[in-house]
Amino acid sequence: AEVPAARVASAYGVPRGALQSLQSLASMYCGMVRLLCERLRWHEMAALFGSLEPRLNFGVSAEALPLCQIPGVHPARARALLEAGLTSIEAVAKAPLATVEAALRQMQQFESRQSDAEAAQRQEAVVREAARRILRGAQDRLSEQMQRLEDEAEAEEQRAAKRRRISSSGVGPTAEGAGAAAGAAAMPVSMTAAAS
């Protein structure tokens, strides 16, 4: 279970800055160990450390991690979006602006501590603008993912078409290799015959 950094800092009597520094170091060391595992070809361990590294970097649970990929979404906002039922980038991209605004209003940093109407209006404008940026960021991120998938599918289709052309022409790397090997094997025999 995820525990907010403020609660951990107060429970252990550690300054919050020191805790954040430790979190950053842990993420960095995790990345180093992942690279070491990759070089040693310990692929399972590398995958394990690869999955832990972003969680340590953002300081969130596995469920909130995809939401932290949205520009403008830090761990607290990711938690607020999760609590509002927005569990993926796609869900945030498709959500109405009012839903994202409502999720952001639930955060403590947006609670009005003053009864001043002007301050409340400014705060409301900040919430609305943050919600717009998050929606735009989620939609952009989703577009990037879709474009990447389309590019990968197109590249795979081109590779498959090339393989079909090679196999239909009957000339392939193995046929050329076999012909060259046969010619090389025949060469010494003809040279031997010419010498005798």
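The figures here come from the full heavy-atom set of this structure, side chains too, leaving out hydrogens, waters and symmetry mates.
Residue pairs meeting the side chain to side chain donor-acceptor pair (under 3.5 Å) criterion with at least one partner in residues 18-27, sequence neighbours excluded, are absent. Sorted by first and then second residue, the salt bridge (charged side-chain N to carboxylate O under 4.0 Å, His left out) pairs with a member in residues 22-35 read R34-E38, R34-E53; sequence neighbours excluded.
Few gaps surround CD on E156; more than 12 heavy atoms of other groups in view lie less than 6.0 Å from it.
To the nearest 0.5 Å, atom OH of residue Y29 and atom CG of residue L36 are 14.5 Å apart. Atom CD of Q121 sits about 11.5 Å away from atom CD of Q123, to the nearest 0.5 Å.
Residues A26 and L56 come closest through the heavy atom pair O-CD1, 3.7 Å. Between A103 and A80, the shortest heavy-atom contact is O-CB, 3.5 Å. Between C30 and F49, the shortest heavy-atom distance links the atoms SG-O, 3.3 Å. Taking each heavy atom of A130 and R77 in turn, the nearest pair found is CB-NH2, 3.8 Å. Of all heavy-atom pairs between F58 and P75, the closest is O-CG, 2.9 Å. Residues V127 and E101 come closest through the heavy atom pair CG1-O, 3.8 Å.
By the 4.0 Å N-to-carboxylate-O rule, E124 lies close enough to R128 to be salt-bridged with it.
Grouping the Ile, Leu, Val, Met, Phe, Trp and Tyr side chains by contacts below 4.5 angstrom, directly or via other members, places I89 with L104. Hydrophobic cluster membership differs between L48 and M32, with clusters built from Ile, Leu, Val, Met, Phe, Trp and Tyr side chains linked at under 4.5 angstrom. Put simply, L67 and M107 are part of the same group of oily side chains (I, L, V, M, F, W, Y) that touch within less than 4.5 Å, one to the next. The hydrophobic clustering, which links ILVMFWY residues whose side-chain heavy atoms are closer than 4.5 Å, places L35 and W42 apart.
With sequence neighbours excluded, the residues that form a side chain to side chain contact (heavy atoms under 4.5 Å, CB included) with E63 are S61, L82. Under the side chain to side chain contact (heavy atoms under 4.5 Å, CB included) criterion, R164 pairs with A160, A161, sequence neighbours left out. Applying the side chain to side chain contact (heavy atoms under 4.5 Å, CB included) rule to L149 yields the partners E152; only residues at least two apart in sequence or on another chain are considered.
Side-chain atoms of S169 come within 3.5 Å of backbone atoms of R165 as a donor-acceptor pair (strictly under, hydrogens ignored).
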Donor-acceptor contacts, no H, no angles, side chain residues 131-147, under 3.5 Å, sequence neighbours left out:
from	atom 1	to	atom 2	distance (Å)
Q139	NE2	A93	O	3.3
R141	NE	Q69	O	3.1
R141	NH1	E144	OE1	3.4
R141	NH2	Q69	O	2.9
S143	OG	Q139	O	3.0
Q147	NE2	D151	OD1	2.9

